[in-house]
Amino acid sequence: MKRIKNQPKITLIGAGPGSADLITVRGLRALRTADVVLYDALANAELLNNVPKNALKIDVGKRANKHRFTQSEINLMAVGYAFSHGHVVRLKGGDPFIFGRGQEELQYAEAFNIETVVVPGVSSSTALAALQQVPLTHREYSQSFWVLTGTTKYGELPSDFSLAAQSNSTLVVLMGLKKLAEITSLLRKHRKHDTPVMVIQNGSLANEKVAIGTIKNIAKSVHEKNIQTPAIIVIGEVVGLHPTLARDYAIATALKN
């Protein structure tokens with residue numbers, strides 16, 4: 001009996017912030033029905049164990065200054081494989097709609113009348129601070145938070161970073177490690193030298209690294225811990241609630257008494 005070709009379909013899945021068990025149940029279900037998986041660098045490779053054995057698995061990851069494929073090529077591949085194979089899963093780290101270019105990929109696919117589905121992911125912008133027991137909001141310290149990219153498509157800090165630096169909100173910066181000196185300089189201009197800062201590399205993974213300090217000394221801490229990309233930066237008084245800082249404060253207070 002001749003096999004009926006699967007209908008073209010593209011599902012965009014957020015893989016979560018790193019650890020394979022932080023993907024959603026819906027995301028796992030979609031992976032198990034894939035004919036082709038185009039996966040990014042920040043998507044945990046363990047997730048590919050949930051893909052059918054006969055499915056194509058293609059690494060299209062973009063790493064810092066090392067792009068295997070351009071975004072245009074990835075868009076074209078997704079559409080081409082949808083027509084030739086059926087269900088294409090685009091597996092992207094974190095949540096694909098938070099600095100993930102997910103909407104651009106869907107828009108391209110929809111121009112070919114291909115069915116598209118989005119499965120949101122757990123974003124590193126909120127999850128990694130939580131895993132460190134640091135709340136992004138707290139009724140005593142911060143009533144809101146900003147999520148900012150450290151690098152726009154022009155390679156600069158976003159124009160509203162200066163507004164965020166003036167607020168009392170928690171700041172979460174993605175893709176900003178290489179701009180750390182510029183970020184801390186901007187915050188010092190607003191007299192925030194002693195504001196706590198946390199930098200997390202490979203959050204939620206076994207090789208996670210965390211550097212904690214203040215605006216005036218975080219660069220030194222990052223250097224000492226040899227923090228590299230991918231990393232996120234969390235800035236604000238809520239970082240002072242990190243168990244390490246809370247313990248150090250309690251010890252210092254006890255010694256004074």
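In what follows, residues are counted from 1 in the order of the sequence shown. What you see is a predicted model; the values in this text were computed from it and never measured.
Between the OG1 atom of T116 and the CG atom of N113 there is a distance of 10.5 Å, given to the nearest 0.5 Å. Considering CD1 of I233 and CE of M175, their distance stands at 11.0 Å, rounded to 0.5 Å. Here the OG1 atom belonging to T152 is positioned 7.5 Å from the NZ atom belonging to K179, to the nearest 0.5 angstrom. To the nearest 0.5 Å, atoms CG (L91) and CD1 (I58) are separated by 13.0 Å. Note that CG of L106 is 10.0 Å distant from CZ of R90, once rounded to the nearest 0.5 Å. Annotation: the span from L47 atom CG to I13 atom CD1 amounts to 9.0 Å, rounded to 0.5 Å.
Of the possible donor and acceptor atoms, one in the side chain of K225 sits under 3.5 Å from a partner among the backbone N and O of V210. A donor-acceptor pair is defined here as one N or O able to donate and one able to accept, closer than 3.5 Å; such a pair exists between the side chain of H87 and the backbone of T33. At distances below 3.5 Å, not a single donor-acceptor pair connects side-chain atoms of D40 with backbone N or O atoms of G93. Side chain of Q201 to backbone of Q228: a donor-acceptor contact under 3.5 angstrom is found.
Contact annotation: the side chain of V134 approaches that of M198 to within less than 4.5 Å [non-hydrogen atoms, C-beta and beyond]. At least one side-chain heavy atom of I218 sits under 4.5 Å from a side-chain heavy atom of V199. At least one side-chain heavy atom of D194 sits under 4.5 Å from a side-chain heavy atom of K216. Side-chain contact between L38 and V88 is present, with at least one heavy-atom pair separated by less than 4.5 Å. Side chains of V89 and I10 form no contact here, defined as non-hydrogen atoms less than 4.5 Å apart. Within the 4.5 Å cutoff, side-chain heavy atoms of Q132 are placed close to those of E208. Looking only at side-chain heavy atoms (C-beta outward), K178 and T151 stay at 4.5 Å or farther from each other.
The hydrophobic cluster containing F145 also contains I212, counting ILVMFWY residues as joined when their side-chain heavy atoms lie under 4.5 angstrom apart, directly or transitively. Linking ILVMFWY side-chain heavy atoms closer than 4.5 Å, directly or via other members, places L174 and V122 in two distinct hydrophobic clusters. No continuous path of hydrophobic side-chain contacts links V37 to F69 [ILVMFWY only; heavy atoms under 4.5 Å]. In terms of hydrophobic clustering, with Ile, Leu, Val, Met, Phe, Trp and Tyr side chains grouped at heavy-atom distances under 4.5 Å, L148 and V239 are assigned to different clusters. By the rule that hydrophobic residues join a cluster once side-chain heavy atoms approach within less than 4.5 Å of another member, Y81 and L12 end up as members of separate clusters.
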Between side-chain atoms of residues 181-189 and protein atoms elsewhere (two or more places apart, or another chain), which donor-acceptor pairs fall under 3.5 Å?
residue	atom	partner	partner atom	Å
T184	OG1	L180	O	3.0
T184	OG1	A181	O	3.0

Distance-only donor-acceptor hits, side chain of residues 163-173, under 3.5 Å, sequence neighbours excluded:
residue	atom	partner	partner atom	Å
Q166	NE2	S162	O	3.1
S167	OG	W146	NE1	3.4
S167	OG	A164	O	2.9
S167	OG	S169	N	3.2
S169	OG	S144	OG	2.5
T170	OG1	L136	O	2.7
T170	OG1	S142	OG	3.1

Please set out all donor-acceptor pairs under 3.5 angstrom arising from side-chain atoms of residues 23-32, sequence neighbours excluded.
residue	atom	partner	partner atom	Å
T24	OG1	G27	N	3.0

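Annotation for Q133: atom CD does not count as buried by contact number, only 12 or fewer foreign heavy atoms lying within 6.0 Å.
Judged as a side-chain hydrogen bond (donor to acceptor under 3.5 Å, both in side chains), and not counting sequence neighbours, T149 has no contacts. Qualifying side chain to side chain contact (heavy atoms under 4.5 Å, CB included) partners for E237, counting only residues two or more places apart in sequence or in other chains: Y141, T195, P196. Remark: S125 engages S123 in a side-chain hydrogen bond (donor to acceptor under 3.5 Å, both in side chains) (not counting sequence neighbours). Taking S204 as the reference, P17, S19, L22, L128, L131 meet the side chain to side chain contact (heavy atoms under 4.5 Å, CB included) condition, with sequence neighbours excluded. Residues passing the side-chain hydrogen bond (donor to acceptor under 3.5 Å, both in side chains) test with S221: none are found, sequence neighbours excluded. Under the side chain to side chain contact (heavy atoms under 4.5 Å, CB included) criterion, K57 pairs with Y39, L48, V51, sequence neighbours left out. By the side chain to side chain contact (heavy atoms under 4.5 Å, CB included) test, Q71 is found to be paired with K62, I74, N75, R101, E105, residues two or more places apart in sequence or in another chain being considered.
Among residue pairs with one or both ends in residues 91-127, those qualifying as ring pair (Phe, Tyr, Trp, His ring centres under 6.0 Å) are Y108-F112; sequence neighbours excluded. Every pair tested for ring pair (Phe, Tyr, Trp, His ring centres under 6.0 Å) that includes a residue from residues 148-202 fails, sequence neighbours excluded, so the list is empty.
Residues N226 and E224 bring no donor and acceptor atom of their side chains to less than 3.5 Å of each other.
A salt bridge is defined here as a Lys NZ or Arg NE, NH1 or NH2 lying under 4.0 Å from an Asp or Glu carboxylate O, and K9 with D35 fails to meet this definition.
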In sequence, state the C-alpha distance, the side-chain angles, and the governing distance for L56 and H85, and then conclude on side chain to side chain contact (heavy atoms under 4.5 Å, CB included). CA-CA 9 Å; L56 291 177; H85 287 66; 3.4 Å; yes

